[in-house]
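Let me begin by presenting the structure, written as structure tokens, before commenting on it.
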Amino acid sequence: MSATNTTNDDASVVVVVNAGEIPKEIVEEKCAPLYKSIIRRKKAIDLRATGDSKNDKLVAFLSCQSKATKTCIPENKEYAQCHKSFMGMGSYNGKRDCKKELSELYACTVRNGTN
């Protein structure tokens, strides 16, 4: 239930998640509409695609879950910093995407929801 290839930091490696892997039992009620918007298409989401609409929907859901459950706060903040820097400057700490930060937020959300 974690992102594929999350340990490989090679920029050429496609890192994807399947939103359908997120168990619906862990979804907070107020985040349910966001959850439905990402599982509806049942397509993998490329975590390197910072700013892509599918990616943004996943981020909105993960952020909602993080706030609702009061978990994964550091991961959520780290991703938000990366996204802001990437959209403003085109890079974050020398990287051209936020796949690592988003993958960590995804893994944390799934891990904390299933505990």
Side-chain angles (χ1 to χ4, degrees):
M1 288 224 199
S2 61
T4 307
N5 296 325
T6 57
T7 57
N8 193 334
D9 229 12
D10 180 13
S12 65
V13 174
V14 176
V15 181
V16 297
V17 297
N18 181 345
E21 291 180 344
I22 302 169
K24 63 182 173 184
E25 310 80 62
I26 72 165
V27 178
E28 292 294 316
E29 188 176 335
K30 68 189 239 175
C31 305
L34 296 167
Y35 174 74
K36 289 176 185 173
S37 76
I38 61 172
I39 64 160
R40 188 174 307 136
R41 293 192 175 95
K42 297 186 184 194
K43 290 187 178 180
I45 300 169
D46 182 353
L47 300 186
R48 297 176 311 158
T50 305
D52 177 71
S53 65
K54 288 189 289 185
N55 192 297
D56 287 347
K57 287 178 183 180
L58 176 64
V59 170
F61 167 71
L62 296 175
S63 182
C64 179
Q65 281 288 112
S66 174
K67 291 173 185 171
T69 60
K70 296 182 179 19
T71 59
C72 307
I73 304 299
E75 291 85 352
N76 196 15
K77 286 182 180 179
E78 184 70 22
Y79 177 78
Q81 287 179 315
C82 180
H83 186 268
K84 182 178 179 180
S85 178
F86 179 78
M87 295 313 244
M89 305 286 284
S91 68
Y92 177 68
N93 292 338
K95 297 182 295 181
R96 303 284 300 159
D97 59 50
C98 297
K99 72 181 178 192
K100 177 180 178 279
E101 292 77 11
L102 185 51
S103 144
E104 289 172 357
L105 177 57
Y106 175 85
C108 180
T109 301
V110 172
R111 180 177 61 248
N112 282 300
T114 57
N115 288 341

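Excluded from the calculations below are hydrogen atoms, water molecules and symmetry mates; all remaining heavy atoms, backbone and side chain alike, are included.
The backbone N or O of S66 lies less than 3.5 Å from no partner atom in the side chain of T71, so there is not a single donor-acceptor pair. For E101 (side chain) and H83 (main-chain N/O), no donor-acceptor pair under 3.5 Å exists by modelled atom type. Checking side-chain atoms of Y35 against main-chain N and O of I22 turns up a donor-acceptor pair under 3.5 Å.
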Exercise. How far apart are the C-alpha atoms of V59 and L105, what are their side-chain angles, what is the distance that settles it, and do they pass the side-chain contact (heavy atoms from CB on, under 4.5 Å) test?
Worked result: CA-CA 9 Å; V59 170; L105 177 57; 5.5 Å; no
Exercise. Between N112 and Q65, is a side-chain contact (heavy atoms from CB on, under 4.5 Å) present by the stated rule, with each step listed?
Worked result: CA-CA 10 Å; N112 282 300; Q65 281 288 112; over 6 Å; no
For this session: Would you check, one step at a time, whether the test side-chain contact (heavy atoms from CB on, under 4.5 Å) holds for Y79 with L62?
Result: CA-CA 11 Å; Y79 177 78; L62 296 175; over 6 Å; no
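Here the CD1-NZ distance, from I39 to K57, works out to 12.5 Å after rounding to the nearest 0.5 Å. If you take NZ on K95 and SG on C82, they are separated by 5.5 Å, rounding to the nearest 0.5 Å. Interatomic distance, CD1 of I45 versus OG of S53, reported as 9.5 Å (0.5 Å rounding). The distance from atom CG of D56 to atom OG of S63, rounded to the nearest 0.5 Å, is 11.5 Å.
I26 approaches T109 most closely through the heavy-atom pair CD1-O, 3.9 Å. Taking every heavy atom of both residues into account, C31 and A68 meet most closely at SG-CB, 4.3 Å.
E78 places none of its side-chain heavy atoms less than 4.5 Å from the side chain of P74. Residues K36 and P33 are not in side-chain contact: their nearest non-hydrogen atoms beyond the backbone lie 4.5 Å or more apart. Between K30 and C64 the shortest side-chain heavy-atom distance falls below 4.5 Å. Using a 4.5 Å cut-off on side-chain heavy atoms (C-beta onward), D97 and L102 make no contact.
R48 and D46 are joined by a salt bridge, as a carboxylate oxygen and a charged side-chain nitrogen come within less than 4.0 angstrom of each other.
Side-chain heavy atoms closer than 4.5 Å link hydrophobic residues (I, L, V, M, F, W, Y) into clusters, and following such links, even through other members, never connects Y106 to F86.
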